[in-house]
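All of these numbers come straight from a predicted model, not from anything done at the bench. In what follows, every chain begins at residue 1, and chains take the letters A, B, ... in the order their sequences are listed.
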There are 4 protein chains.
Amino acid sequence: MPPAKKSPAPAAPARPNSARRSEASRRAILTAAFELAGELGYAKLSIEAIAARAGVGKQTIYRWWPTKGAVLFDAFLMLSEGPDGDAELPDTGDIEADLKTVLRATVEELADPRIAEPMRALSTEIAHDPQLAALYAERLDEPVRELKRARLRKAQQAGQLAADLDLDVAVDAIWGPLLNRWLLRTGPVTTAYTDAVVETALRGLRAS
Amino acid sequence: MPPAKKSPAPAAPARPNSARRSEASRRAILTAAFELAGELGYAKLSIEAIAARAGVGKQTIYRWWPTKGAVLFDAFLMLSEGPDGDAELPDTGDIEADLKTVLRATVEELADPRIAEPMRALSTEIAHDPQLAALYAERLDEPVRELKRARLRKAQQAGQLAADLDLDVAVDAIWGPLLNRWLLRTGPVTTAYTDAVVETALRGLRAS
Amino acid sequence: MPPAKKSPAPAAPARPNSARRSEASRRAILTAAFELAGELGYAKLSIEAIAARAGVGKQTIYRWWPTKGAVLFDAFLMLSEGPDGDAELPDTGDIEADLKTVLRATVEELADPRIAEPMRALSTEIAHDPQLAALYAERLDEPVRELKRARLRKAQQAGQLAADLDLDVAVDAIWGPLLNRWLLRTGPVTTAYTDAVVETALRGLRAS
Amino acid sequence: MPPAKKSPAPAAPARPNSARRSEASRRAILTAAFELAGELGYAKLSIEAIAARAGVGKQTIYRWWPTKGAVLFDAFLMLSEGPDGDAELPDTGDIEADLKTVLRATVEELADPRIAEPMRALSTEIAHDPQLAALYAERLDEPVRELKRARLRKAQQAGQLAADLDLDVAVDAIWGPLLNRWLLRTGPVTTAYTDAVVETALRGLRAS
DNA sequence: AACTAATCGAGACGGTACGTCAGGTCTTCTG
DNA sequence: CAGAAGACCTGACGTACCGTCTCGATTAGTT
């Protein structure tokens, strides 16, 4: 297996990224944006507040990001690039248990407003900005989705999942119900619920 | 004493609803709100614009609705109360075919910006306003969800679905993936996709 | 010719002046503008500062005045309409003494920054805005100029001034040197200077 | 004794003026400043615009001039040092005719926005900046004023003007009314007006 | 001829103010 | 007397410049 550990640079380019750009300001802005989204909620998240919290001129934000959503997006990107490396979903050999574990962790995250509120804010922006949505799909959703697919693929190869399963559909079958319930608040987001979702998705609705 | 003919159905009061209230203004406001959400998108949907389009003073909106989201909510409520009665989901006896039919219809609706944009707008407001979310869950989601449950229940009683199935989880398993994909734009919303979702949900992920 | 004593109302119209307009805000704005011009000087006179000092929204200023200069102009107008009535220049019968008296009073005013600074500010705006200049000429300069002409006319009728004198030119001959020296600071503005100006203007440069 | 041929005239140093300084940039800046003042008017005259027009970095301006007014001042200084040498006011022996000639030329200059607008801009800066005013008085006004005094002195010596005349007051009596009327736009600036001013100033206001 | 230090064009930075838009409250006038 | 009209204060928007501060790249004048 080739070494190729880590990828030399392309980690965070995305934007023109002039050599003159202040990395300190960039991090301060992204951190402030994430924090404020968590503290004030989406409604009161303003560029002015981000600039003030970050100790930065407004123009410095407008110079590098086209919209408030793009800032938030980069904030998530920055966080997601911290402790990743090549993380993997747990694999104990029991796909049902593993999926339950992962979803339970997600439920816990969503219970923390400091994480959930920024996620709601970003989700909202995505819902209304197709361009941002494309970026999101490519840079945030896809990497995570690949991890999910990978775990399912292993179960599939172990003969635990149907051989002809469309893994993208399978991922949606597991995570879609949870995310939809969480975002639209159509019901409580509990581990009992996610356990039921996993069981139901694996077994299918039909009478056996 | 007059028979009080007007409102036998407390379906839509919710708010004080003074006798003096102008029904014409109310309808104009709700119609304007829905149209503007469809035309301008969520970003440019302002109370001022709604008031202007409806030919109404701003105060008339603030008098009767607490937030922009509440207006939008009532606009959906008004629409949903038009041709409802006690509609039902189709029942040909083939639960898989029926679910595919229903989801295909949804896909079509979501392709129409005049419907999809207001829905995105409302979804956004719900995502950020728990109170509105509760209203939504009770007054808009629940009635529709009951129709869905009813259809699934019939299939269950016909022995097509598992006897111990949690129907709420089942509803989420069918509609959750679609709504999540649509709202977050993590992939194209097509009938091919919804067909696959229905098949997968019914059959389950496991190898048979 | 009927008495027509002065025009019944036009005290402060000038602008559309809706009936809804808040007189309190108007006065607060004009007062704040005048004071700030005196305290901070022209450079730091900003609409934002005026609004803040007046306890008023910026929009309330922009709603009623097109430019900063127009605010300043109205501030002067307000002041000039306070204690005027039909003031007159002093008339002791000695035109030279009277003119010296008047100019000495002007010198004193110009020595007070609270008066001189706003005047410099207004002068600047006038110098760069022909429209404002026209307003100034008509509503602020002309009334005062008429007082000056009136005094000179009396002296003329008393045979103290040349019968064929162009009174407008005469006014400029008296007040022009002073104002020019003051505004462009080409020399100290003292009563000795104004006395000399009056003497020279009356006597003429020529050898007798 | 060394030749020291370089600077016999300390006419224009004023500033440190390092040997390293780029003369090309200096001229480009002053020219751009003057042109922009004429084209855009005072309001839109910004250091950024000057730098852009001159093809120069902003710092190059800030390095050598303390304020925008100082740049404008030097621009005038540069122009005034071109075709001067030891110019003189015309002397035909007829002081009245000569003064009228000079003022008519001034009227013409003031009619050209490319000259008048920068002058208004500079005048404005002077009005609000005592330091700049002192420079102006010394380096731009005084040399011209000396020419004026010189012409009047000759007339005085020829017995045409009063022997005890204060020449500075006399200069103000001739030029003050014109400049004041021009800057504050209290009336049209015409040759008819300047002729009248000259006649009135020479003859005096008094009845003969 | 190589060094070196000031100056140059460029432009990012933290800020202030601009003039506009909308939010939500309050007041006035009209049907 | 409810409702349209809209003025009001507030606060955020996105832009223009401010004056300061790096960045390499010239470009003198030493060495």
Side-chain angles (χ1 to χ4, degrees), chain A residues 18-26 28 43-52 54-64 66-68, chain B residues 18-22 24-26 28-29 43-52 54-68, chain C residues 18-26 28 43-52 54-68, chain D residues 16 18-26 28 43-52 54-68:
Chain A
S18 148
R20 298 237 212 282
R21 181 165 185 185
S22 159
E23 179 63 14
S25 291
R26 184 181 155 270
K44 303 205 165 170
L45 178 60
S46 68
I47 299 256
E48 297 227 335
I50 295 171
V56 139
K58 278 198 291 177
Q59 198 58 41
T60 302
I61 299 182
Y62 285 111
R63 194 168 9 243
W64 300 109
T67 64
K68 186 169 63 179
Chain B
S18 146
R20 295 237 206 270
R21 180 167 187 185
S22 158
S25 289
R26 184 180 156 273
I29 288 165
K44 304 204 165 169
L45 179 60
S46 67
I47 299 251
E48 300 229 336
I50 295 171
V56 138
K58 278 199 293 178
Q59 196 55 33
T60 302
I61 298 181
Y62 285 110
R63 199 172 356 251
W64 300 108
W65 289 275
T67 65
K68 187 169 64 177
Chain C
S18 147
R20 303 246 220 271
R21 181 166 186 186
S22 158
E23 178 64 12
S25 290
R26 184 180 155 272
K44 304 206 165 170
L45 179 60
S46 68
I47 299 254
E48 299 228 336
I50 295 172
V56 140
K58 277 198 293 177
Q59 198 59 42
T60 301
I61 298 182
Y62 284 111
R63 187 158 25 234
W64 301 109
W65 291 276
T67 64
K68 186 169 64 179
Chain D
S18 146
R20 300 256 223 260
R21 180 167 186 183
S22 159
E23 179 63 14
S25 290
R26 185 180 155 271
K44 304 204 166 171
L45 179 60
S46 67
I47 299 254
E48 298 230 337
I50 294 171
V56 138
K58 279 199 292 177
Q59 195 65 320
T60 303
I61 298 182
Y62 286 109
R63 193 167 8 242
W64 301 109
W65 291 274
T67 65
K68 186 169 64 178

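Atom CD1 of B:I61 and atom C1' of E:dA22 are 13 Å apart (whole Å). Taking atom CD1 of A:I50 as the reference point, atom C1' of F:dC13 lies 13 Å away to the nearest angstrom. Per the geometry, CZ belonging to A:R21 stands 19 Å off P belonging to F:dT22, to the nearest Å. Whole-Å rounding puts the C:W65 CH2 to F:dA7 P distance at 14 Å.
Listed by first and then second residue, the salt bridge (charged side-chain N to carboxylate O under 4.0 Å, His left out) pairs involving residues 59-68 of chain D amount to none (not counting sequence neighbours).
In this structure, A:W64 CH2 and A:R26 CZ are separated by 11.0 Å, a value rounded to the nearest 0.5 Å. From B:I29, atom CD1 reaches atom CD1 of B:I50 across 8.5 Å, with rounding to the nearest 0.5 Å. Note that CH2 of B:W65 is 9.5 Å distant from CD1 of B:I47, once rounded to the nearest 0.5 Å.
Considering only residues two or more places apart in sequence or on other chains, C:S25 meets the side-chain hydrogen bond (donor to acceptor under 3.5 Å, both in side chains) condition with C:S22.
Among all heavy-atom pairs drawn from A:A51 and A:G57, the shortest one is CB-C, 4.3 Å.
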Requested in this report: Let me have a per-nucleotide readout for nucleotides 14-19 of chain E, 5' to 3', with B, S or -, counting only protein heavy atoms under 4.0 Å.
Outcome: BB-BBB
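One finds a side-chain N or O of D:W64 lying less than 4.0 angstrom from the OP1 or OP2 phosphate oxygen of E:dC8.
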